[in-house]
Amino acid sequence: MAAAGAPDGMEEPGMDTEAETVATEVPARPLNCVEAEAGAGAAAEDSCAARGSLQPAPAQPPGDPAAQASVSNGEDAGGGAGRELVDLKIIWNKTKHDVKFPLDSTGSELKQKIHSITGLPPAMQKVMYKGLVPEDKTLREIKVTSGAKIMVVGSTINDVLAVNTPKDAAQQGAKAEESKKEPLCRQKQHRKVLDKGKPEDVMPSVKGAQEHLPTVPLSGMYNKSGGKVRLTFKLEQDQLWIGTKERTEKLPMGSIKNVVSEPIEGHEDYHMMAFQLGPTEASYYWVYWVPTQYVDAIKDTVLGKWQYF
């Protein structure tokens, strides 16, 4: 008997679909041990991978070089670590700087250090320790000891370009005044000394040359009274010592207002020179027969400024 509500020979909608569904379903069977473990392992790996993507990377071990590469050792590049240092007192422009410096560094390297401290370019420095410090020798080679005083003479570029100082103006005024007068060596007050002739023990001169101060006193010269006189430049103490047979005057270089000089007629390789110790020409201390090659060096040292030559 046919189902109610359906014509003969026709099936109700959905019957084929149900049959197909039933036919395609495969009854589940239990997994064996190997298959179960493989499935569980894959799931565990997927889970770990998902969790691992959210976790920070493990810290590097303390001994790992990469972890230590960014840690500073506290030493400047090219510093004095492991090198023997010496204590120096660098004196420039009446200011003292206490410095520790490698004993095996050269004079050229010392100039670079002075530049970093004072701003004074190396080319404009005269560095002195028992004479001019050679650029190519080490402090050890010239026997610099701990506590040594290093004298520096020179002016910064700003000083050179600056308006003239009163000392410069005084020197220029003195030169202008001298140009109006007859040559100094012809004046009566100087002739009585110059007419004695050149001293036998005067230091040799080099005409047309300009040299740094010697390491020994300048000697064999005359003063205004015709007595023998010597000049000693105490750079460590910033003093000029004027010595005669009777006594030695120790003058701070800063107290000397001006230095004037003039070649001696007929002996142009020697100069007569005066140090101005007071406000007027009456305070000039005259020295005769100064070797010409030291004239500029004396002015540089006493007046404390750089002169190009």
Side-chain angles (χ1 to χ4, degrees), residues 91-95 124 126 128 151-156 158-191 193-194 205 210-214 217-219 221-225 227 229-235 237-244 247-265 268 270-309:
I91 303 172
W92 173 71
N93 202 19
K94 299 183 180 179
T95 301
M124 300 180 71
K126 287 201 300 185
M128 288 167 280
M151 298 294 301
V152 181
V153 177
S155 299
T156 64
N158 289 337
D159 291 337
V160 172
L161 298 178
V163 178
N164 288 341
T165 63
K167 190 176 284 190
D168 293 329
Q171 187 175 20
Q172 291 177 358
K175 288 182 178 179
E177 192 67 25
E178 288 171 15
S179 64
K180 300 176 183 179
K181 301 178 181 178
E182 63 179 334
L184 294 171
C185 59
R186 295 182 187 175
Q187 296 178 18
K188 183 177 180 180
Q189 60 173 327
H190 302 303
R191 286 280 12 135
V193 179
L194 294 175
S205 65
Q210 293 174 332
E211 299 179 3
H212 297 295
L213 289 176
L218 292 174
S219 60
M221 300 169 292
Y222 289 140
N223 60 15
K224 191 173 181 179
S225 63
V229 65
R230 65 181 177 276
L231 302 178
T232 305
F233 297 88
K234 291 290 185 178
L235 303 178
Q237 302 173 36
D238 198 28
Q239 292 181 347
L240 169 61
W241 291 10
I242 301 178
T244 63
R247 62 180 180 175
T248 298
E249 295 284 349
K250 300 180 180 180
L251 305 174
M253 291 188 189
S255 69
I256 301 175
K257 306 296 187 297
N258 195 21
V259 181
V260 298
S261 68
E262 180 184 286
I264 299 173
E265 281 187 341
E268 281 73 14
Y270 287 93
H271 281 226
M272 49 188 295
M273 176 176 286
F275 302 97
Q276 185 176 346
L277 307 182
T280 66
E281 291 186 11
S283 65
Y284 280 4
Y285 188 98
W286 286 97
V287 178
Y288 304 87
W289 303 101
V290 179
T292 185
Q293 69 268 25
Y294 299 129
V295 169
D296 283 336
I298 292 173
K299 292 180 179 179
D300 290 344
T301 302
V302 172
L303 299 178
K305 65 181 181 178
W306 181 267
Q307 295 184 358
Y308 294 95
F309 58 83

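Only heavy atoms go into these numbers, but all of them, side chains included; no hydrogens, no water, no symmetry mates. Remember, predicted model here, so these are calculated numbers, not experimental data.
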- Task: Would you indicate whether the side-chain heavy atoms of Lys224 and Tyr285 approach each other to under 4.5 Å?
- Result: no
- Message: If we check side chain to side chain contact (heavy atoms under 4.5 Å, CB included) with Gln293, which of these qualifies: His212, Glu211, Gln210?
- Response: Glu211
- Task: Classify the angle between the aromatic ring planes of Tyr284 and Trp286 as parallel (below 30°), tilted (30 to 60°) or perpendicular (above 60°).
- Result: perpendicular
- Rounded to the nearest 0.5 Å, how far apart are CH2 of Trp241 and CZ of Arg230? 10.0 Å
- Message: In the structure I gave you, are the side-chain heavy atoms of Leu231 and Met221 within less than 4.5 Å of one another anywhere?
- Response: yes
- How about Leu277 and Ile256: do any of their side-chain heavy atoms sit closer than 4.5 Å? yes
- Task: Calculate, to the nearest 0.5 Å, the distance between atoms CG and CE belonging to Leu194 and Met272 respectively.
- Result: 5.5 Å
- With the side chain counted from C-beta on, respond yes when Phe275 and Ile298 share a heavy-atom pair under 4.5 Å apart, and no when they do not. yes
- Item | Flag side-chain contact, heavy atom, 4.5 Å: Met273 against Val259 | yes
- Side chain proximity check, Phe233 to Leu240, heavy atoms < 4.5 angstrom: yes
- Leu303 and Asn258 have their tightest heavy-atom pair at CD2-CA, 4.1 Å
- Query: What heavy-atom pair brings Thr301 and Met253 nearest, and what distance separates the two atoms?
  - Reply: O-SD, 3.4 Å
- Item | Flag side-chain contact, heavy atom, 4.5 Å: Pro291 against Tyr270 | yes
- Message: Using a 6.0 Å cut-off, check whether atom CZ of Arg191 has over 12 heavy atoms from anything other than its own residue.
- Response: yes
- Message: Contact between Thr232 and Lys250 at the side-chain level, heavy atoms closer than 4.5 Å - yes or no?
- Response: no
- Under 3.5 Å side-chain donor-acceptor pair for Lys299 and Ser261: yes
- Which of these passes side chain to side chain contact (heavy atoms under 4.5 Å, CB included) with Leu184: Glu265, His190, Gln189? His190
- So how far is it from Glu281 CD to Gln276 CD, rounded to the nearest 0.5 Å? 7.5 Å
- Message: How close do Asn223 and Val193 get, counting heavy atoms only, and between which atoms?
- Response: O-CG1, 3.9 Å
- Query: Quick check: does any side chain N or O of Lys94 sit under 3.5 Å from a backbone N or O of Trp92, one acting as donor and the other as acceptor?
  - Reply: no
